[in-house]
Trainee: 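Would you mind keeping the following structure in view while I ask a few things?
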Number of protein chains: 2
Amino acid sequence: MENDDLQPRKRRLTRAEARARTRELLLDAAARIFARKGFAGASVEEIAEDAGFTIGALYSNFSGKQQLFLELMARGAQDRITEAATVLEQQEHATPEEARKALGQLMVEVADKDLNMAPLQAEFWLYAIRNPETMETLSRQLQGPRETLERLIAGQLEREGSRYPRELAGRLARVMFVLFQGMVRERRLDPDGVPAELYADALRWLLTGVAASEALPADP
Amino acid sequence: MENDDLQPRKRRLTRAEARARTRELLLDAAARIFARKGFAGASVEEIAEDAGFTIGALYSNFSGKQQLFLELMARGAQDRITEAATVLEQQEHATPEEARKALGQLMVEVADKDLNMAPLQAEFWLYAIRNPETMETLSRQLQGPRETLERLIAGQLEREGSRYPRELAGRLARVMFVLFQGMVRERRLDPDGVPAELYADALRWLLTGVAASEALPADP
DNA sequence: GTCTATAAACAGATAGAC
DNA sequence: GTCTATCTGTTTATAGAC
């Protein structure tokens with residue numbers, strides 16, 4: 001019995017790998033429980049159990065509840081915007097109307113399928129404003145997706161023909177980002193009041209308005 | 001000494017009035033503590049102390065922490081939108097640009113001065129999605145401000161000359177409402193990134209876009 | 001009506017067995 | 001590395017004094 005080393009499929013994990021796997025399982029469970037009960041409402045015992053371990057295992061991998069939460073905050077809540085942005089970028093949608101519809105559909109999917117994302121993000125925000133030393137962690141997490149969105153918008157504006165102020169894409173990205181998060185939240189309270197079309201409408205209004213009110217005079 | 005009855009300024013409160021006053025003080029304290037610590041993180045002892053009473057007094061006026069929270073949820077977090085809407089309605093601002101600037105200024109004031117509103121609203125939302133039987137309470141609380149905003153927008157659209165679909169004001173109100181809440185939240189994380197002008201910009205984009213893409217053909 | 005004292009349950013964290 | 005057992009502090013809620 002000396003085949004210790006050569007099982008490509010499911011060889012025994014090294015200690016480091018096993019530890020890393022335990023950490024991941026604990027973090028995943030923590031995300032679920034924090035989303036469901038909130039930071040203060042969640043108990044470490046519940047998290048450990050949900051991951052299939054005990055309190056002891058949790059404390060041998062993390063310093064406690066707070067570290068678990070902060071690692072999740074730094075990791076981010078499954079960045080759907082980046083995911084979607086890259087999809088859109090690759091597709092090169094024919095008409096803007098199609099792109100808006102796709103984004104509206106994405107909003108509905110995020111709100112209805114990924115039920116943990118919005119509550120987790122709300123927990124992060126509350127924790128950050130109550131513990132200002134963690135604000136930067138959260139800001140950094142949100143920066144990535146927003147910048148992706150900004151690039152996407154900048155590209156779209158360029159493709160459009162007219163010329164725009166240089167910082168416009170950044171401001172517009174911020175507005176669209178906030179709007180997206182807000183609509184996902186609002187939809188949880190009132191699904192009928194926030195259909196995919198409403199988000200598509202809002203995008204059409206914003207982009208039409210930008211084109212009408214921000215376009216610079218063409219230069220020779 | 002029989003002036004028991006006739007002191008208009010500060011006569012002794014009746015038992016019912018004293019009780020009502022105690023309840024109000026406890027509710028105000030609860031709003032502060034819930035905003036600062038969250039529902040799960042707040043303790044009834046802290047709330048009672050902050051109001052200047054003891055746990056016993058709290059339990060003689062409320063069935064417990066949950067009832068306190070639910071009464072706050074029904075009462076709402078100091079409805080600034082209604083307040084602002086009525087102000088704008090009375091002013092009949094000369095130019096739309098002035099109105100947008102005033103709204104941007106209001107957004108900044110709410111975000112910077114009324115520090116408890118946004119966290120409380122976030123706590124309400126989290127509680128509602130975790131306890132669906134309370135969703136209607138929260139929805140009702142938000143319905144008032146949104147309808148006020150809707151009337152305001154409907155009036156503005158009418159004054160504008162062009163004709164619009166009847167349900168447009170409701171959809172636009174929802175978008176602006178979500179945007180307002182979202183920007184207030186975002187500003188707490190990054191004040192420089194969300195100045196008053198950004199909200200004014202967003203409103204200009206939205207309204208310009210609506211005028212450009214939703215106006216109906218004039219009927220004779 | 002409000003306060004003091006306390007009951008009963010539960011939390012986060014640690015120590016030592018395996 | 002993970003589990004069992006436990007320590008310590010805190011919580012909600014109540015009972016009875018004033």
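Letters go in sequence order (proteins before strands), and every chain restarts at 1. Small disclaimer: the values here were computed from a predicted structure and weren't measured. Heavy-atom basis, side chains included; hydrogens, waters and symmetry copies ignored.
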Trainee: For A/Glu123 and A/Arg36, run salt bridge (charged side-chain N to carboxylate O under 4.0 Å, His left out): C-alpha distance rounded to whole Å, both residues' side-chain angles, the deciding distance at 0.1 Å, then the answer.
Mentor: CA-CA 10 Å; A/Glu123 289 289 334; A/Arg36 207 172 300 152; over 6 Å; no
Trainee: Mind checking whether B/Phe69 and B/Tyr127 have parallel, tilted or perpendicular rings, split at 30° and 60°?
Mentor: tilted
Trainee: With sequence neighbours excluded, tell me which residues meet side chain to side chain contact (heavy atoms under 4.5 Å, CB included) with B/Glu46.
Mentor: B/Ile33, B/Lys37, B/Ser43
Trainee: Could you check A/Val108 against A/Tyr199 for side chain to side chain contact (heavy atoms under 4.5 Å, CB included), going step by step and ending with a plain yes or no?
Mentor: CA-CA 9 Å; A/Val108 166; A/Tyr199 189 61; over 6 Å; no
Trainee: Using heavy atoms and a sub-4.0 Å distance, could you list which residues of residues 51-61 of chain A are near DNA chain D? By number, please.
Mentor: A/Phe53, A/Thr54, A/Gly56, A/Ala57, A/Ser60, A/Asn61
Trainee: Thinking salt bridges, do B/Asp28 and B/Arg75 make one under a 4.0 Å N-O criterion?
Mentor: yes
Trainee: Between A/Arg174 and B/Asp190 (salt bridge meaning N to carboxylate O under 4.0 Å), is one present in this structure?
Mentor: yes
Trainee: Do any pairs count as a ring-ring contact (aromatic ring centres under 6.0 Å, His included) and have a residue in residues 100-122 of chain B, sequence neighbours left out, and if so which ones?
Mentor: none
Trainee: Would you kindly give the NZ-to-P distance between B/Lys37 and D/dT10, to the nearest whole Å?
Mentor: 12 Å
Trainee: Sub-3.5 Å donor-acceptor pair from the side chain of B/Arg130 to the main-chain atoms of A/Ala35, do we have one?
Mentor: yes
Trainee: At a heavy-atom distance below 4.0 Å, which nucleotide of DNA chain C is the first touched by chain A, and which is the last?
Mentor: C/dG12 to C/dT14
Trainee: Who pairs with B/Ala29 by side chain to side chain contact (heavy atoms under 4.5 Å, CB included), at least two apart in sequence or on another chain?
Mentor: B/Arg32, B/Ile47, B/Asp50, B/Ala51
Trainee: A/Ala42 near the nucleic acid: base, sugar-phosphate alone, or nothing, with a heavy-atom cut-off under 4.0 Å?
Mentor: sugar-phosphate
Trainee: Please determine if B/Glu136 and B/Arg140 form a salt bridge, counting it only when a charged side-chain N lies under 4.0 Å from a carboxylate O.
Mentor: yes
Trainee: Rounded to 10°, tell me the angle between the two end axes of the helix from C/dG1-D/dC18 to C/dC18-D/dG1, each built from five pairs.
Mentor: 0°
Trainee: Whole-Å distance between D/dG9 C1' and B/Glu45 CD?
Mentor: 13 Å
